[in-house]
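Please read these numbers as outputs of a predicted model, since none were measured by experiment.
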Amino acid sequence: MRYGNPTEAAEAAAELDELGFPALWIPDVGGPVLDSVDNLLSATKRTVIATGILNLWMHDPVEVADRYATLTETHGDRFLLGIGVSHAPLIDSKEPGLYRKPLAATKAFLDGLDSAAQPVPVANRVLAALGPKMLQLSATRAGGAHPYLVTPEHTHTAREVLGEGPMLLPEQTVMLTDDREQARAVGADWLRSYLALPNYANNLLRSGFTEDDVASVSDRLFDAIIAWGDEDAILARVAEHRAAGADHVCVQVITADPTEFPREQWRRLAAALN
């Protein structure tokens, strides 16, 4: 939804809206991400459009707040602003030394949102959070947390940190295939690219996985992070997150071709959900 042809993205979003998906999440690695939000809001009627996440190093908070106000005035209260610090290797590769004190940087960005002429409401923003300090900040300075690349066990721990009020919106990667070899052929390299980032690797080590699990992308780790199988297997994993305290689960479908929207898989999951 974030990249490629905007018209095709709008068409796909409109179908997801009709299929009944409550939210669509899009990433941000630079460029006009809020233009993409506008495009998807224009294409949908009910679905919430969420940034997962808006990279705080790449945006001015006052400008984001002004644009948020314009988007919600135009499209209604359907924009959820997900904010995150991304990862040091990615940020420093473009501007060495920029990534520093991520918790303080997040607080400063939130201060900027709050001091804008039209502040972004606390309830309408969430933070990308994995560890306890960022989760605590999500509970006090935002409407909740959007953890990425996590297990239902992490969701349980995150809920304990957040308490009962804030939203907990974890991501869950899925593959609709009953063939383990096929799943690993696609999913292992996809997962390995994330495990090269310290934030994710360290969170998995805190969650009880070993350094060997991370280095080898063991079956144990693979199965814990990527839910693969038929529709029932996918829905069972989503149910585990919900039972652990999630209010909403962001389901990310991956396939052998990352350049195409997995519309067939989205339709299958929608049919199963309904």
Side-chain angles (χ1 to χ4, degrees), residues 1-3 9-10 13 16-17 21-87 90-91 102-130 133-148 150 158 162 165-171 199 246-252:
M1 296 296 172
R2 171 70 173 88
Y3 306 106
L16 290 170
D17 190 34
F21 286 98
L24 305 181
W25 295 80
I26 61 173
D28 174 27
V29 291
V33 63
L34 297 180
D35 287 353
S36 295
V37 171
D38 191 8
N39 182 46
L40 299 180
L41 285 169
S42 297
T44 54
K45 299 176 181 178
R46 296 172 295 275
T47 302
V48 170
I49 307 301
T51 50
I53 50 77
L54 182 133
N55 191 320
L56 64 80
W57 306 104
M58 299 179 177
H59 301 275
D60 177 84
V62 173
E63 293 177 0
V64 170
D66 289 346
R67 190 71 186 280
Y68 178 92
T70 299
L71 288 168
T72 52
E73 182 179 350
T74 302
H75 301 289
D77 195 20
R78 291 194 294 120
F79 178 23
L80 179 63
L81 182 63
I83 306 160
V85 293
S86 186
H87 305 272
L90 300 179
I91 302 305
L103 192 67
T106 304
K107 292 178 180 177
F109 194 89
L110 296 174
D111 289 343
L113 294 179
D114 290 340
S115 64
Q118 299 185 73
V120 176
V122 172
N124 290 4
R125 63 198 195 201
V126 295
L127 303 182
L130 295 173
K133 290 183 180 179
M134 196 65 80
L135 285 167
Q136 289 165 2
L137 189 65
S138 302
T140 58
R141 298 290 307 276
H146 174 51
Y148 187 89
V150 294
L162 290 173
M167 294 184 292
L168 179 53
L169 317 169
E171 175 271 348
N199 292 7
D247 299 292
H248 162 88
V249 180
C250 168
V251 174
Q252 178 179 198

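The side chain to side chain contact (heavy atoms under 4.5 Å, CB included) search around Leu90 returns Ser86, His87, Leu197, not counting sequence neighbours. Taking Phe79 as the reference, Tyr68 meet the ring pair (Phe, Tyr, Trp, His ring centres under 6.0 Å) condition, with sequence neighbours excluded. For the side chain to side chain contact (heavy atoms under 4.5 Å, CB included) test, residues two or more places apart in sequence or in another chain that qualify with Ala129 are Met134, Leu135, Ser138, Ala145. Residues passing the side chain to side chain contact (heavy atoms under 4.5 Å, CB included) test with Ala123, sequence neighbours excluded: none. Under the side chain to side chain contact (heavy atoms under 4.5 Å, CB included) criterion, Arg67 pairs with Leu34, Asp35, Asp38, Leu71, not counting sequence neighbours. Applying the side chain to side chain donor-acceptor pair (under 3.5 Å) test to Asp60 and every residue at least two apart in sequence or in another chain returns nothing. Remark: Thr72 pairs with no residue by the side chain to side chain donor-acceptor pair (under 3.5 Å) rule, at least two apart or across chains. Partners of His59 by ring pair (Phe, Tyr, Trp, His ring centres under 6.0 Å), not counting sequence neighbours: none found.
Residues Val126 and Gly143 come closest through the heavy atom pair CG1-C, 4.2 Å. In this structure, Asp247 and Pro166 approach most closely via the heavy-atom pair OD2-O, 3.7 Å. Across all non-hydrogen atoms, the minimal contact from Thr44 to Ala13 is CG2-O, 3.5 Å. Of all the heavy atoms in Thr51 and Val37, the pair that sits closest is CG2-CG2, 3.9 Å. In terms of heavy-atom proximity, Ala9 sits nearest to Leu40 at O-CD2, 3.8 Å.
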Show every donor-acceptor pair shorter than 3.5 Å between a side-chain atom in residues 108-118 and any protein atom, with sequence neighbours excluded, or say none if there are none.
{"residue": "Asp111", "atom": "OD1", "partner": "Arg141", "partner atom": "NH1", "Å": "3.3"}
{"residue": "Asp111", "atom": "OD1", "partner": "Arg141", "partner atom": "NH2", "Å": "2.9"}
{"residue": "Asp114", "atom": "OD1", "partner": "Arg125", "partner atom": "NH1", "Å": "2.8"}
{"residue": "Asp114", "atom": "OD1", "partner": "Arg125", "partner atom": "NH2", "Å": "3.1"}
{"residue": "Asp114", "atom": "OD2", "partner": "Arg125", "partner atom": "NH2", "Å": "3.4"}
{"residue": "Asp114", "atom": "OD2", "partner": "Arg141", "partner atom": "NH2", "Å": "3.0"}
{"residue": "Ser115", "atom": "OG", "partner": "Asp111", "partner atom": "O", "Å": "3.2"}
{"residue": "Ser115", "atom": "OG", "partner": "Gly112", "partner atom": "O", "Å": "3.2"}

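Proximity of a side-chain donor or acceptor of His146 to a complementary backbone N or O of Leu127 within less than 3.5 Å is not detected. With hydrogens and angles disregarded, a donor-acceptor distance shorter than 3.5 Å links the side chain of Trp57 to the backbone of Val85.
Here the CG atom belonging to Asp17 is positioned 10.5 Å from the CG atom belonging to Leu41, to the nearest 0.5 angstrom. In this structure, CG in Leu162 is found 9.5 Å from CD in Gln136, a value given to the nearest 0.5 Å. Taken from CD1 in Ile53 to CG in Leu81, the straight-line distance is 9.5 Å, to the nearest 0.5 Å. Between Ile49 atom CD1 and Leu24 atom CG the span is 4.0 Å, to the nearest 0.5 Å.
Sequence neighbours left out, the pairs with a member in residues 45-54 that pass salt bridge (charged side-chain N to carboxylate O under 4.0 Å, His left out) are Glu18-Arg46. Among residue pairs with one or both ends in residues 28-47, none qualify as ring-ring contact (aromatic ring centres under 6.0 Å, His included); sequence neighbours excluded.
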* Asked: After noting the C-alpha distance and the side-chain angles of Ile83 and Val64, does the key distance pass the side chain to side chain contact (heavy atoms under 4.5 Å, CB included) rule?
  -> CA-CA 11 Å; Ile83 306 160; Val64 170; over 6 Å; no

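Using a 4.5 Å heavy-atom cutoff, the side chains of Lys107 and Leu103 are in contact. Side chains of Ser36 and Asp28 form no contact here, defined as non-hydrogen atoms less than 4.5 Å apart.
Of the candidates Gln252, Glu171, His248, His248 is the only one forming a side chain to side chain contact (heavy atoms under 4.5 Å, CB included) with Trp25.
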